[in-house]
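In what follows, every chain begins at residue 1, and chains take the letters A, B, ... in the order their sequences are listed.
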Amino acid sequence: MTDHAQTPPDENHLIATRREKLDRLRAQGQAFPNDFRRDTLAEYLIGTYGSRDAASLEAETTVFALAGRLMAKRVMGKASFGQLQDMSGRIQLFVQLNVVGDAQYETFKHADVGDLLGVRGTVFKTKTGELSVKVSELRLLVKNLRPLPEKWAGLTDTEVRYRQRYLDLIVNPEVRTTFEKRGKTVRFIRNFLDALGFIEVETPMLQPIAGGATARPFVTHYNALDRDFYLRIAPELYLKRLVVGGFEKVYEINRNFRNEGLSTRHNPEFTMLEFYQAYADYREAMDLVETLIRDVAIAVHGSAVIRYQGRTYDLEKPFNRWTMKEAVLRHNPDLDASALVDRERLAAYAKRVGGDVKPAYGVGKLLTEIFEKTVETTLLDPTFITEFPTEVSPLARANDADPTVTDRFELFIAGREIANGFSELNDPDDQAARFRAQVAAKQAGDDEAMLFDADYIRALEYGLPPTAGVGVGIDRLVMFLTDAPSIRDVLLFPQMRPEA
RNA sequence: GGGUCGUUAGCUCAGUCGGUAGAGCAGCUGGCUUUUAACCAGUUGGUCGAUGGUUCGAAUCCAUCACGACCCA
């Protein structure tokens, strides 16, 4: 791009002024140099010298090279202060005319907050005791053309924060902390599973049949094959194929895509951990999940006692474990055990509590509706709900004693589903029958129902070991660990409508 | 999809009953060699989200639309 002289007519005078400064830099030579090398981060200086007193620092003659973004500037005649921010934090700069000379002092005087600078200098403490760098050399490395948000109130407009996350990250340090914690969370989970002998794999995102969950997929087109493909809604069926193939402990952490609405809890692409362990059942999986959640909290947060949105959660205590029926009865005194098997009464009650009621719904689906409407958001302390109806669990193994329910659990924390796991259905004929029921539901108008995956059935016919599988919503887990009220706060670039 | 609220200078926000568009910060000019929301003096800066309507006159009232936040489905 060489037409830098062309300034869009809608730019304001602040940008125009900075472009003039840039034009002068271009005229003087390389305006975007890449030959300055730093050897020190702000955090290192603060950590190493922050607690030393002013007198002892006077003997420190080491010259450090730092680079970063100028975040504040205070010019006082022939001496000036600034704040330099790098990836580790901030440190104060002290620039004096009689040390750096006219040219560099002018550079600093006319620098804008937001410019990227390289400086060399020694450490000292000011009268007020702030560790600072006495600058002996200063260079402008990149000219900032767009003014940063105001220094005191900062950037609060949520729309701008999400759309221009880079700006949010520059001016709101706690945002950076949130995403560092997110990275730490994922890394901890990988280490945790690796240590238990799990193998991490990657399975297709582009799938000819979007299986493994009940959700509407995104459709795309593969030109070379002239065929529609789907962005995956879950990796589940592929991971279980791998268990058939002998990956007896396997996991994947990756993106899923669901063609649903946007909300504080939903983004169309989100990150899911799924892991599968052969020769284990859902109870062992629950124990593993409980340990994982507790340990990840300690690793990321330093403690198993978490403050989330004003409420304290003690993950050290054993998680609650209730069956879905127990939970529904506990929260709905108008219902008794006999009502839970009476379709008419359940349908009437589900309707009363605002649930979706359709003629095709059996008692299991109706019970689930009532659970979602009356119980889910009340499950604040970590709670496993078990015995999900078979009707709503097309991939889970039916319970040996009561085949109307499955050996399945979901974990709720702060009223939100965090994990979902079950003993896998490994009877190929039962699975084929459940796929056929899903296909029938789809034909009856349920556009979230599953399709028949013949290759998956073929894989089961080779023999899927008895297996437990779990999915953990990473975004919701990170929300909880970072005290974030909205999923958008834990996604670097949350989905937004295109700008007008 | 529905409801409520919001959108005014680069940022954060005021704007009365419908009567010439405001502040702080940032910017620009000058002063100031230990400041830290530096300070002092002067000063520039507006498609009031968009479109249409009511009115002598609209940031303000009405309608539609766009985008966002929160709640609900």
Determine the interatomic distance between C1' on B:G24 and the same-named atom on B:C32; round to the nearest Å.
23 Å

Round to a whole Å and report the spacing from CD of A:E20 to P of B:G27.
15 Å

Check every strand shown and say whether A:G261 touches a base, only sugar-phosphate, or nothing at a heavy-atom separation below 4.0 Å.
nothing

Closest to the A:T17 side chain: B:G10, B:C32, B:C28?
B:C28

Of B:C11, B:U35, B:G27, the nucleotide closest to the side chain of A:F81 is B:U35

Of A:Y162 and A:K21, the one whose nearest nucleotide on RNA chain B sits closer to the 5' end is A:K21

Between A:D334 and A:R352, does any side-chain N to carboxylate O distance fall below 4.0 Å?
yes

May I have the distance from A:D356 (atom CG) to B:G1 (atom C1'), rounded to whole angstrom?
14 Å

Backbone N or O of A:Y166 within a donor-acceptor pair of the A:Q164 side chain at under 3.5 Å?
no

Pairwise C1' distance, B:A59 and B:U44 [rounded to whole Å]:
23 Å

Counting any heavy atom closer than 4.0 Å, what does A:D157 reach on the DNA or RNA strands: base, sugar-phosphate only, or nothing?
sugar-phosphate

Starting from the 5' end of RNA chain B, give me the residue, A:K373 or A:A153, whose nearest nucleotide shows up first.
A:A153

Give a yes or no on whether the ring-centroid distance for A:F480 and A:Y313 is below 6.0 angstrom.
yes

Between A:F108 and A:F81, does the ring centre distance come in under 6.0 Å?
no

Report which part of the nucleic acid A:T158 touches: base, sugar-phosphate, or nothing (heavy-atom distance under 4.0 Å, all strands).
sugar-phosphate

Using a 4.0 Å heavy-atom cut-off, does A:V171 contact any base of the nucleic acid, only the sugar-phosphate backbone, or nothing at all?
nothing

Students often mix this up, so state it plainly: with edges at 30° and 60°, are the rings of A:F409 and A:F384 parallel, tilted or perpendicular?
perpendicular

Can you measure A:M76 atom CE to B:G30 atom P for me and round it to whole angstrom units?
18 Å

Let's test this: given Watson-Crick or G-U wobble pairing with both distances under 3.5 Å, identify the partner of B:C70.
B:G3

B:A9 -> Watson-Crick or G-U wobble partner, both distances under 3.5 Å, gives none

What integer number of Å spans the C1' atoms of B:C65 and B:A23?
32 Å

Salt bridge or not for A:R255 and A:E269, using N-O below 4.0 Å?
yes

Cationic tip of A:K134 above A:F124 ring, under 6.0 Å, 45° of axis
yes

Taking atom P in both B:C13 and B:G1, what distance in whole Å separates the two?
29 Å

Any idea which of B:G68, B:G10, B:C28 is nearest the A:L14 side chain?
B:G10

For A:I170 and B:G10, give me the distance from atom CD1 to atom C1', rounded to whole Å.
14 Å

Quick check: any donor-acceptor pair below 3.5 Å linking the side-chain of A:E130 to the base of B:U35?
no

Taking only side-chain N and O atoms of A:R163, does any of them lie within less than 4.0 angstrom of OP1 or OP2 on B:G68?
yes

What interatomic distance, in whole Å, is found between C1' of B:G19 and the corresponding atom of B:G57?
7 Å

Interatomic distance where NE2 belongs to A:H13 and P belongs to B:U29 [whole Å]:
12 Å

Need one value for A:R161: base, sugar-phosphate or nothing, where a base atom within 4.0 Å counts as base even if backbone is also close, heavy atoms only.
nothing

Is the shortest distance from a Lys or Arg side-chain nitrogen in A:D483 or A:R307 to a carboxylate oxygen in the other one below 4.0 Å?
no

Heavy atoms under 4.0 Å, any strand shown: does A:Y105 hit a base, just sugar-phosphate, or nothing?
nothing

When you measure from the side-chain N and O atoms of A:K151 to the phosphate of B:A26, is any distance below 4.0 Å, counting only OP1 and OP2?
yes

Looking at A:T156, does any N or O in its side chain come under 4.0 Å of the phosphate oxygens OP1/OP2 on B:U12?
yes

How long is the line joining CD1 of A:I91 and C1' of B:U34, in whole Å?
15 Å

Taking a pair to mean Watson-Crick or G-U wobble geometry with both distances below 3.5 Å, B:U55 pairs with none

Distance check needed: B:C11 P versus A:E159 CD, whole Å only.
12 Å

Taking any strand in view, what nucleotide pairs with B:C65 in a Watson-Crick or G-U wobble way, both distances under 3.5 Å?
B:G49

Should B:A21 form a Watson-Crick or G-U wobble pair with both distances under 3.5 Å, which nucleotide is its partner?
none

Using atom P of each nucleotide, how far apart are B:A63 and B:G18 to the nearest Å?
16 Å

For atom C1', what is the distance between B:U12 and B:A50, given to the nearest Å?
24 Å

What's the NZ-P distance between A:K127 and B:U33, to the nearest Å?
12 Å

For B:G68 and A:R497 - does any side-chain N or O of the residue sit under 4.0 Å from the phosphate oxygens OP1/OP2?
yes

Please give the distance between the C1' atoms of B:C48 and B:U43 as a whole number of Å.
23 Å

So does A:R74 get a side-chain nitrogen or oxygen closer than 4.0 Å to the phosphate oxygens (OP1/OP2) of B:A38?
yes

